[in-house]
Amino acid sequence: MSDVIRLEYRDITMRFAQGTGKMLTAISGVSFAVRDGEVVSLIGPSGCGKSTLLNIGSGLSAPSEGQAFVDGERVEGPNAHVAFMLQKDLLLPWRTIAENVMFGVEIQRLPLAERKRRAQTLLESLGLAEFSGHYPHQLSGGMRQRVALARTLAVDPSVLLLDEPFSAVDAQTRMVLQRELAQTLKRAGKTALLITHDLLEAVTLSDRVLVMSKRPGHIIDEIKIELPGRDNPIARRREPKVAEYVARLMDRLDIGGTPLEAGATA
Ligand SMILES: Nc1ncnc2c1ncn2[C@@H]1O[C@H](COP(=O)(O)OP(=O)(O)O)[C@@H](O)[C@H]1O
Ligand SMILES: [Mg+2]
């Protein structure tokens with residue numbers, strides 16, 4: 001990790017027109033930065049504006065007020081510095097796995113041989129090499145998300161924006177995918193902003209967790225995760241301190257619940 005800032009939100013406010021003609025303030029005055037090689041998670045109640053913030057970072061939508069910057073440049077539209085991964089894998093059914101992985105790279109006008117080489121390297125590192133000629137419908141949900149991750153990485157972005165990437169896969173596959181994501185991010189030294197509803201996922205995958213309030217969403221807490229092994233979320237799960245972080249996040253989200261009393265029987 002270095003002190004170079006890769007992604008920055010500066011005083012972002014976002015309003016949407018409602019059907020009724022009224023305006024809805026989705027986000028209000030959000031500022032934060034993500035440094036080179038850092039993984040930051042964003043958590044908060046549904047509808048607080050998390051996806052909206054990612055859309056703004058990717059240039060898919062423009063904020064009502066404030067600015068987003070990637071690599072020091074103001075985001076003014078979709079650009080090759082940022083790549084997106086969503087809950088739905090959005091793979092093209094008529095393309096093979098390798099062709100899907102190469103999809104984002106095609107617009108970068110790289111020679112075909114180089115595109116193929118990149119796709120193959122990524123598929124190998126994610127354990128998908130033998131499926132490169134398969135079609136998406138031949139793969140499980142977890143494998144398809146892995147392909148989506150490979151496609152996101154293929155464009156070699158400065159910043160990865162991940163919007164609940166694993167929420168549609170089962171709990172155990174999810175742990176495997178979390179580990180693969182963490183290892184891949186670490187190996188490539190990538191910077192990422194991850195949206196998740198899974199507090200344990202946020203704590204075990206991140207260097208920092210930002211908590212958003214209910215709408216209009218703003219940042220209400222920031223927790224620096226001081227645990228070893230950010231590339232090994234499975235090992236992190238076993239760290240006693242993880243429970244403390246999760247408890248603090250539950251408190252900040254008003255999920256409530258008090259600790260079981262010492263010696264109480266279930
Ligand atoms: N394009 C849009 N037009 C109108 N309202 C929107 C639009 N996008 C999001 N919203 C509203 O903004 C709020 C925040 O949405 P979103 O960013 O998707 O929340 P989250 O991802 O945190 O669940 C919601 O109330 C949503 O209905
Ligand atoms: Mg969302």
Side-chain angles (χ1 to χ4, degrees), residues 7-34 39-70 75-79 82-91 141 144-145 148-149 151-152 157 159-169 171 174 177-178 181 191-203 205-206 208-223 246 248-256:
L7 171 68
E8 185 182 1
Y9 291 96
R10 223 177 269 172
D11 214 6
I12 301 276
T13 291
M14 187 65 156
R15 287 180 286 267
F16 290 110
Q18 298 287 83
T20 53
K22 276 199 192 148
M23 297 298 278
L24 169 107
T25 305
I27 304 172
S28 169
V30 169
S31 298
F32 65 90
V34 185
V39 177
V40 172
S41 285
L42 193 58
I43 63 168
S46 279
C48 74
K50 302 179 296 296
S51 296
T52 302
L53 273 175
L54 284 211
N55 289 338
I56 291 170
S58 72
L60 289 174
S61 43
S64 311
E65 286 169 36
Q67 287 126 23
F69 298 85
V70 171
V75 176
E76 282 173 333
N79 62 83
V82 194
F84 227 129
M85 179 173 166
L86 307 174
Q87 179 180 345
K88 279 196 68 190
D89 58 57
L90 305 175
L91 299 180
R144 291 165 59 117
Q145 277 309 79
L149 175 61
R151 184 186 49 192
T152 308
V159 177
L160 280 98
L161 301 174
L162 308 164
D163 196 348
E164 302 185 39
F166 306 135
S167 54
V169 296
R174 186 175 182 137
L177 291 175
Q178 287 167 347
L181 173 67
T191 306
L193 180 60
L194 168 73
I195 293 181
T196 179
H197 283 287
D198 180 339
L199 306 183
L200 199 49
E201 179 169 285
V203 170
L205 284 174
S206 313
R208 227 166 6 118
V209 180
L210 300 174
V211 185
M212 282 178 81
S213 68
K214 287 202 276 272
R215 202 172 54 226
H218 53 276
I219 309 284
I220 53 170
D221 200 5
E222 171 185 347
I223 304 186
V246 171
R248 173 158 161 199
L249 295 175
M250 289 195 294
D251 289 344
R252 296 307 279 139
L253 292 169
D254 270 334
I255 292 172

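The basis for the numbers below is simple: all heavy atoms, side chains too, and nothing from hydrogens, waters or symmetry mates. Remember, it's 1-based here, ligands and their atoms both numbered in the order they're listed.
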With heavy-atom distances below 4.0 Å as the criterion, list the atoms of ligand 1 near [X].
| X | value |
| --- | --- |
| Leu24 | 11 (C), 12 (O), 25 (O) |
| Arg215 | 24 (C), 25 (O) |
| Gly49 | 14 (C), 16 (P), 17 (O), 19 (O), 20 (P), 22 (O) |
| Ser46 | 23 (O) |

Tell me the closest heavy-atom pair linking [X] and [Y], and the distance in Å.
| X | Y | answer |
| --- | --- | --- |
| Ile27 | Cys48 | CG1-O, 4.3 Å |
| Pro165 | Met85 | CB-CE, 3.7 Å |
| Phe166 | Arg174 | O-NH1, 3.4 Å |

Exercise for the section: For atom 17 (O) of ligand 1, state whether the nearest protein heavy atom is under 4.0 Å away. Expected result: yes

Exercise for the section: Considering only protein heavy atoms, determine whether one is less than 4.0 Å from atom 9 (C) of ligand 1. Expected result: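 Yes, there is one.
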
Problem - Reported CG-to-OG distance for the pair Leu7 and Ser58, which is rounded to 0.5 angstrom - result: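 OG of Ser58 is found 10.5 Å from CG of Leu7.
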
Practice task
Quick one: pull up CG in Asp163 and CG in Leu161 and give me the separation to the nearest 0.5 Å.
Solution key: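 Between Asp163 CG and Leu161 CG, I get 9.0 Å after rounding to 0.5 Å.
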
Exercise for the section: Have a look at Gly47, Ala26, Gly217 and point out the one with the heavy atom closest to atom 20 (P) of ligand 1. Expected result: Gly47

Got [X] and [Y] here, is their nearest side-chain heavy-atom distance under 4.5 Å?
| X | Y | result |
| --- | --- | --- |
| Asp221 | Val209 | no |
| Leu53 | Phe32 | yes |
| Arg15 | Glu65 | yes |
| Leu177 | Leu149 | no |
| Val82 | Phe84 | no |

Handout entry: Heavy atom of Gly44, distance to ligand 1 below 4.0 Å
Key = no

Practice task
At a cut-off of 2.8 Å, list the protein N/O/S atoms near the Mg ion (ligand 2), residue plus atom name.
Solution key: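 You should have found Ser51 OG.
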
Problem - Polar atom proximity, Phe16 to ligand 1 (N or O, under 3.5 Å) - result: no

Practice task
Using distance alone, determine whether Gln18 and ligand 1 share an N or O pair under 3.5 Å.
Solution key: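 No, there is no polar N/O contact under 3.5 Å.
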
Practice task
May I ask you to check whether Ser213 and His218 show a side-chain donor-acceptor distance below 3.5 Å?
Solution key: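 A donor-acceptor contact under 3.5 Å links the two side chains.
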
Problem - Which residue and heavy atom of the protein sit nearest atom 15 (O) of ligand 1, plus the separation - result: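 Looking only at protein heavy atoms, the one closest to atom 15 (O) of ligand 1 is Thr52 OG1, 3.8 Å.
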
